[in-house]
Amino acid sequence: MSGRYAMALVFMLQVTGAAAQTPGAVFLEQWDADGDGRVTLEEARSRRVDLFDAFDSDGDGALGPQELADMGAMRAAMQEANRAATGRPFRAGASGAAGTGGPVRLDRDGDGRVSRDEFVGSTGSWFAWRDRDGDGALTSADFGRGRR
């Protein structure tokens, strides 16, 4: 495990016991930069830039096979942390855990690598899919049962 991957894992697994009691609390704890209980599109975009930078271990501006594997390992660890904290798995649907998205979906040009533009550029569509009530912010209401 690279040092950057370890930093990203610690960064993404900061969870408090109190926050883990409501749907989406683990996500909100990690992605709500200003602590207002809402994740805006800009906060999501900023977090995805942070994720990309953390996993682009060679600094070449693209996530290659090993970097994508490292991101997948982080996703699995996040799912396990959510299960341990809430008693239920993290359900992110087709877009991938916590907004990382799957490598195939994100690799729009099919070159086997995910560029920064591909990764960060997909934030809007992921955000719109997750924003179940269409209010322009992700809150606990956008998670849990009844999610489309």
Side-chain angles (χ1 to χ4, degrees), residues 1-35 37-132 137-140 142-144 147-148:
M1 174 184 327
S2 74
R4 292 184 86 159
Y5 169 63
M7 280 182 15
L9 185 58
V10 168
F11 180 66
M12 294 303 296
L13 292 178
Q14 296 172 342
V15 179
T16 65
Q21 301 306 312
T22 60
V26 172
F27 171 84
L28 292 170
E29 171 104 1
Q30 296 164 353
W31 290 59
D32 180 14
D34 61 11
R38 306 170 68 237
V39 175
T40 64
L41 177 57
E42 202 48 48
E43 285 172 316
R45 207 173 266 124
S46 176
R47 180 59 64 155
R48 286 175 64 101
V49 167
D50 293 342
L51 278 171
F52 184 91
D53 290 345
F55 283 97
D56 184 17
S57 60
D58 59 10
D60 69 351
L63 302 177
Q66 184 57 56
E67 293 158 329
L68 291 169
D70 288 347
M71 189 175 277
M74 187 235 10
R75 176 183 178 185
M78 285 180 59
Q79 289 171 330
E80 179 55 28
N82 189 74
R83 188 206 55 75
T86 66
R88 43 189 195 272
F90 185 88
R91 300 270 188 232
S95 66
T100 60
V104 172
R105 181 173 181 213
L106 294 175
D107 181 15
R108 293 184 188 153
D109 63 9
D111 69 353
R113 299 165 48 81
V114 176
S115 71
R116 177 184 213 124
D117 288 342
E118 288 172 323
F119 190 80
V120 178
S122 66
T123 305
S125 61
W126 172 85
F127 189 90
W129 173 84
R130 176 53 82 186
D131 185 14
R132 133 171 111 175
L138 303 181
T139 66
S140 61
D142 294 305
F143 296 84
R147 180 106 181 86
R148 61 180 147 115

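Only heavy atoms go into these numbers, but all of them, side chains included; no hydrogens, no water, no symmetry mates.
Within the model, atoms CG of L41 and OG of S46 stand 11.0 Å from one another, a figure rounded to the nearest 0.5 Å. Interatomic distance, W126 CH2 to L106 CG, rounded to the nearest 0.5 Å: 12.0 Å. To the nearest 0.5 Å, atoms CZ (F119) and CG (L68) are separated by 9.0 Å.
With E43 contributing its side chain and W31 its backbone, the two residues share no donor-acceptor pair below 3.5 Å. Judged by distance alone, the side chain of R47 and the main-chain N or O of Q30 form a donor-acceptor pair under 3.5 Å. Looking at D56, its side chain never comes within 3.5 Å of a backbone N or O of L63 through a donor-acceptor pair. Side-chain N or O atoms of D107 include one that pairs as donor or acceptor with a backbone N or O of D111 at under 3.5 Å.
The shortest side-chain heavy-atom distance between D58 and E67 falls under the 4.5 Å cut-off. For the pair S125 and R105, the minimum side-chain heavy-atom distance is below 4.5 Å. Using a 4.5 Å heavy-atom threshold, the side chains of D32 and F27 count as separate.
We find that D117 and R108 are not joined by a salt bridge, their nearest charged nitrogen and carboxylate oxygen being 4.0 Å or further apart.
For the pair E118 and R113, the tightest heavy-atom approach, listed with the atom from each and the gap, is OE1-O, 3.3 Å. Scanning all heavy atoms of the two residues, the minimum distance from A44 to F127 falls at CB-CD1, 4.0 Å. Shortest non-hydrogen contact noted between A137 and R38 is CB-NH2, 3.0 Å. Annotation for V114 and F52: closest pair O-CE1, 3.6 Å, computed over non-hydrogen atoms. Closest approach of R132 and D142 over heavy atoms only: N-OD1, 2.9 Å. Minimum heavy-atom separation, M71 to L51: CE-O, 4.4 Å.
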Could you give me the CA-CA distance, side-chain angles and deciding distance for V49 and R116, then say whether side chain to side chain contact (heavy atoms under 4.5 Å, CB included) is met? CA-CA 8 Å; V49 167; R116 177 184 213 124; 3.0 Å; yes
